[in-house]
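Below: the structure, in structure tokens.
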Amino acid sequence: MAGVAGRLARRWCLGALSSPLQVARFPALQLHLCGPAMRGSQKDFENAMNQVKLLKKDPGNEVKLKLYALYKQATEGPCNVPKPGVLDFINKAKWDAWNALGSLPKETARHNYVDLVSSLSASSESSSQVTPAADRKQPGSDALVVTSQDGITSITLNRPDKKNALTTQMYHDIMLALEAASKDDSAITVLTGNGDYYCSGNDLTNFTDIPPGGVEEKARSGAVLLRGFVDCFIDFPKPLVAVVNGPAVGISVTILGLFDIVYATDRATFHTPFSHLGQSPEGCSSYTFPKIMGPSKATEMLVFGKKLTAREACAQGLVTEVFPDSTFQKEVWARLKAYSKLPPNAMRISKQVIRNREKEKLHAINAEESSTLQERWLSDECVNAVLSFLSKKAKL
Ligand SMILES: CCCC/C=C/CC(=O)SCCNC(=O)CCNC(=O)[C@H](O)C(C)(C)COP(=O)(O)OP(=O)(O)OC[C@H]1O[C@@H](n2cnc3c(N)ncnc32)[C@H](O)[C@@H]1OP(=O)(O)O
């Protein structure tokens, strides 16, 4: 085991070095949809800043610079930093935009920022089914966006360029978001993804971050994280709905067995390539999948890695209903909005009546699956599969 562990540590570190650098971003320039009645209070301003994360249409550099300048003016006042050199084009453009606002009062800049976001959202092709939960502490990174409206709290995976793969930070943020949603005044909670994927499962680069305790420590902390993460889904007290906007892989598929409803676009696929990755099932799927679809269909998915279309997953009971991609968002949100008007306490209690019967069993299964995976992560089969992905030699 020590030999494998040493090789793993060495090779995982090499994997980390070969992964591409993140493209630098302006957090304040990320745009997002927004409700029509935006105003200029500090709360509206924060709302607008949170809203700017999911807009699908790029508004262009000129507008981005305007937003940047207004954001800086609203938060720091008149431009007070030295002018960047002429060859530092990007920072110079930003500086020029900010400096051009002169002594515009902070409050006016805030108003203008909010108005600009509002006008952008109005022209956005995105549907505005959600607005940010302004009172809620937002997650530690932009990779997760939590919004709340019409009795629905939505948790959106927001790493579209990485197919919404789950980083360690995102697992923690999702747990926090679920904890907050369990206590807020919404009736229903939704998990969905931004972009063409729902989620590509565990971010395989998570394996490259080896702590001083080595790979055994890494596997141990991974199992603790996994167990805590899945426990949150087992215990979640309100109706939990997955809005599967595109393909789903790995853990994003297995935990669907713990949701109350799963709506999918007809573009979605469901893939659990655990054997290909030298891994084993998690998310209580070793129990929920055979129960939902029967043992042999579950084996095809969990052992042989058969990828299901949305319609196949629906026929097997994993998905509640499939919608044409062209009307998916509209139909699903209209449906959820109607459901969210039902008496929330009755819905919560009914869910718990259904879930309570299974809870103890699910927790035991989660513990067992997590400890099995802890061992699997140290296996040659898993190490080689992860390395293969990291070196871009393999695609599933
Ligand atoms: C602590 C809890 C642990 C819980 C354990 C869970 C187990 C699992 O979830 S197992 C499943 C793990 N996921 C995978 O194996 C999927 C790996 N990804 C792929 O096979 C492909 O990327 C794809 C089929 C999802 C998409 O292929 P496509 O050709 O359309 O796009 P790409 O160019 O490959 O992807 C774009 C971009 O995103 C990166 N990426 C996608 N998925 C992941 C991922 N799971 N981990 C890390 N990175 C991922 C991909 O590398 C690309 O990045 P670059 O643009 O930088 O090359």
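Remember, it's 1-based here, ligands and their atoms both numbered in the order they're listed.
At least one side-chain heavy atom of I251 sits less than 4.5 Å from a side-chain heavy atom of F229.
Per-residue contacts place Q279 under 4.0 angstrom from the following atoms of ligand 1 (heavy atoms of the residue considered): 7 (C). Residue contact check: G201 has heavy atoms under 4.0 Å from atoms 9 (O) of ligand 1. Within ligand 1, the atoms closer than 4.0 Å to a non-hydrogen atom of E282 are 5 (C), 6 (C), 7 (C), 8 (C), numbered from 1 in the order shown. Residue contact check: D161 has heavy atoms under 4.0 Å from atoms 36 (C), 37 (C), 38 (O) of ligand 1. Of all atoms in ligand 1, listed by their number and element, those nearer than 4.0 Å to a heavy atom of Y197 are 23 (C), 24 (C), 25 (C), 26 (C). Those atoms of ligand 1 with a heavy atom of I251 less than 4.0 angstrom away are 4 (C), 6 (C), 8 (C), 9 (O).
Surrounding NZ of K238 are more than 12 heavy atoms belonging to other residues, nucleotides or ligands, all under 6.0 Å away. When the shell of 6.0 Å around NZ of K359 is examined, it contains more than 12 heavy atoms from other residues, nucleotides or ligands.
Here S200 has heavy atoms under 4.0 Å from ligand 1 in both its backbone and its side chain. The proximity of T168 to ligand 1, defined as any non-hydrogen pair under 4.0 Å, does not occur for either the backbone or the side chain. Contacts with ligand 1 closer than 4.0 Å are made by side-chain heavy atoms of W377 only, the backbone lying farther away. Looking at F389 against ligand 1, only its side chain comes within 4.0 Å, counting heavy atoms.
Taking only non-hydrogen atoms, the option from A165, P281, A219, G222 nearest to atom 1 (C) of ligand 1 is G222. For the residues N202, D196, L277, V230, the heavy atom positioned nearest atom 10 (S) of ligand 1 is part of L277.
Using a 4.0 angstrom heavy-atom cutoff, F229 does not count as in contact with ligand 1.
Judged purely by atom type and a 3.5 angstrom limit, S379 uses its side chain to pair as donor or acceptor with the backbone of C382.
Residues in residues 189-206 take part in these salt bridge (Lys or Arg N to Asp or Glu O under 4.0 Å) pairs, two or more places apart or across chains: R159-D203, K163-D196. Listed by first then second residue, pairs satisfying ring pair (Phe, Tyr, Trp, His ring centres under 6.0 Å) with a partner in residues 335-374 number zero, not counting sequence neighbours.
For an aromatic pair to be called close, the ring centres must be under 6.0 Å apart, and F236 with F259 fails this.
In the hydrophobic cluster analysis, where Ile, Leu, Val, Met, Phe, Trp and Tyr join through side-chain heavy atoms closer than 4.5 angstrom, L342 is grouped together with V243.
Between R376 and the choices E369, E381, E282, the salt bridge (charged side-chain N to carboxylate O under 4.0 Å, His left out) rule is met once, by E381.
For the pair L204 and ligand 1, the shortest N or O to N or O distance falls below 3.5 Å.
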